[in-house]
Amino acid sequence: MLNFSYQNSTRLVFGRDAELSVGKTALDVLGAPGKVLVIYGGGSAVRTGILGAVEKSLEEAGFTVLDKGGVQPNPRMGFIRETIDWIRDQGVKAVVAVGGGSVIDTAKAVAMGLEYEGDCWDFFEGKAKPVKAAPVFAVLTIPAAGSEQSIRCVITHHGTKAGIGVECIRPKAAFINPERFFTLPPVQVSAGVLDMFSHILERYFSNTTNTAYTDGQAEAALRTIIEFGPKVLADVKDYDSWCQIGLAGSYAHNGYFGLGREEDWACHAIEHEISGWNENITHGCGLAVVIPAWMRYVSKFAPARFVTFAVNVMGVAPQADEKATIELGIAKFVGWIQALKLPTTLEALGAADCPIESLAHHCCRNGTVGHLKALDADDVEAILTGAR
Ligand code: NZQ
Ligand code: ZN
């Protein structure tokens, strides 16, 4: 196990009516009321009434609310710049996101931009490092990206989807009311389930040894997602199942499952090329295509880990031949993805025409990706070709 220093400073408010305590919690964290900016997406937060409930809660706690809607999935830099320009001199004390990963990441980028005089995209190009951000609060409407507790922020600009991770943007508090997931369309339910699963996989597929505790925690969380993912897809109003998915998704990406080990993240790097190339592609759907192809390509380099995955996560009976166990594990995983009605090929994703070679080179523009097996552009090209 590797040395580590870990702090997760996000307060998690979880359960029915969680969103009603946003105002009180913000007051508690900020110490005094003031102006806050509420950011939301393309309209679901207005239609379901959660936006109104959050704003009321803030106003009742004494805050003055400014709001801005219109964040698109796979959020764009243009919207962020526009928002920062509008809000910069208005004395905003905090940014409140009401939505999913796209809205929360937009809020994080705006929060960083408010504390930086240059262009916020500098951070995503590695030209500057954020050291300060306005406090962010996240009211979750879709369990998927885990951004409500994560240090990550992923933004798209002219075909480049780039992510950064810094502690100053980790939300001060996250509000999760699983009843608020009842209005999700099936594809977003499934894509979200697959995304949270992948956030644990990216940490579980590691070369670091002697991580029995972290492995056990990760395997339990993965089995929970395997069990309850199909349940929320079958019945979108199954509150108790949503509680398991909501909690798993939020912890999946707050760093806990990576304690003491090197993480991989190749599948995310490859998927971000796909949804950066075509912004209409949902991140979780892209992952459903990339992960099986990645597994088939890299499993021979780390067979022991893939046997453990097959047996402890996918419930495969160990076979006499290690290769057979691994193949059964991957096949069972693909079957689970298909049961979630997600695509498992580029063609089914609607990306048969994606420029594999140039995406692979763009993916490796800063060097190899992944750690279980460090992948160069040729490897990424082979994986994407295998995903056709
Ligand atoms: O825009 P609205 O109308 O709100 O509709 C949204 C959107 O179309 C809809 N939706 C959300 N809550 C709903 C709802 N519809 C009905 N009822 C509700 N309760 O769902 C659609 C998708 O929303 P989005 O925020 O894009 O989903 P998600 O949470 O999956 O976020 C995806 C983004 O997060 C990034 C992804 O790359 C992608 O850009 N990620 C961010 C991470 C992070 N910051 O830690 C980590 C992830 O790996 C990921 O890369
Ligand atoms: Zn993800």
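Atoms within each ligand, like the ligands themselves, are counted from 1 in listed order.
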Give a yes/no verdict on whether any heavy atom in [X] is under 4.0 Å from an atom of ligand 1.
X	result
Pro75	yes
His272	yes
Gly43	yes

I'd like to know if Asp215 and Arg305 make a salt bridge, using a cut-off of under 4.0 Å between side-chain N and carboxylate O. yes
Assess whether a salt bridge exists between Arg170 and Glu167, defined as any Lys/Arg side-chain N lying under 4.0 Å from an Asp/Glu carboxylate O. yes
Look at the rings of [X] and [Y] and say which category their plane angle falls in: under 30° parallel, 30 to 60° tilted, over 60° perpendicular.
X	Y	result
His199	Trp265	tilted
His268	His272	perpendicular
Phe205	Trp294	perpendicular

Taking everything shown except Glu357 itself, do over 12 heavy atoms lie less than 6.0 Å from its CD? no
To the nearest 0.1 Å, how far is [atom] from its closest protein heavy atom, and which atom is that?
atom	answer
atom 12 (N) of ligand 1	Thr141 OG1, 2.8 Å
atom 26 (O) of ligand 1	Ser102 OG, 2.6 Å
atom 13 (C) of ligand 1	Leu184 CD2, 3.4 Å
atom 29 (O) of ligand 1	Gly101 N, 2.7 Å
atom 35 (C) of ligand 1	Asp105 OD2, 3.9 Å
atom 2 (P) of ligand 1	Gly42 N, 3.4 Å
atom 47 (C) of ligand 1	His199 NE2, 3.4 Å
atom 8 (O) of ligand 1	Pro73 CG, 3.7 Å

Taking the six-membered ring for Trp and the full ring for Phe, Tyr or His, determine whether the centres of Phe301 and Phe306 are under 6.0 Å apart. no
Taking the six-membered ring for Trp, are the ring centroids of Phe123 and Tyr116 within less than 6.0 Å of each other? yes
If only atom types and distance count, is the side chain of [X] paired as donor or acceptor with the main-chain N or O of [Y] below 3.5 Å?
X	Y	value
Gln319	Ala317	yes
Ser250	Gly246	no
Trp242	Val236	yes
Lys35	Leu66	no

If you draw the axis of the six-membered ring of [Y], does the NZ or CZ of [X] fall within 45° of it and under 6.0 Å from the ring centre?
X	Y	result
Lys68	Phe79	yes
Lys300	Tyr297	yes
Arg16	Tyr239	yes

Per-residue contact class, [X] against ligand 1 - non-hydrogen pairs under 4.0 Å:
X	value
Gln72	neither
Gln188	side chain
Ala144	side chain

Geometric N/O contact [X] with ligand 1, under 3.5 angstrom:
X	value
Ala45	no
Gly41	no
His268	yes

Donor on one side chain, acceptor on other, Thr10 and Lys172, under 3.5 Å: no
Tell me every residue that passes side chain to side chain donor-acceptor pair (under 3.5 Å) with Asp238, counting only those two or more places apart in sequence or in another chain. Ser241
Which of the numbered atoms in ligand 1 are below 4.0 angstrom from a heavy atom of [X]?
X	result
Ser150	43 (C), 44 (N), 45 (O)
Asn74	38 (C), 39 (O)
Lys161	36 (C), 37 (O), 38 (C), 39 (O)
His253	45 (O), 46 (C)
Arg180	19 (N)

Of the listed options Gly69, Ala145, Ser44, closest to atom 15 (N) of ligand 1 (non-hydrogen atoms): Ser44
Which is closest to atom 17 (N) of ligand 1 in terms of heavy atoms, Ile169, Thr183, Val46? Thr183
Around the Zn ion (ligand 2), number of protein N/O/S atoms which are nearer than 2.8 Å: 4
In this structure, which one of Leu287, Val193, Val290 forms a side chain to side chain contact (heavy atoms under 4.5 Å, CB included) with Ser198? Leu287
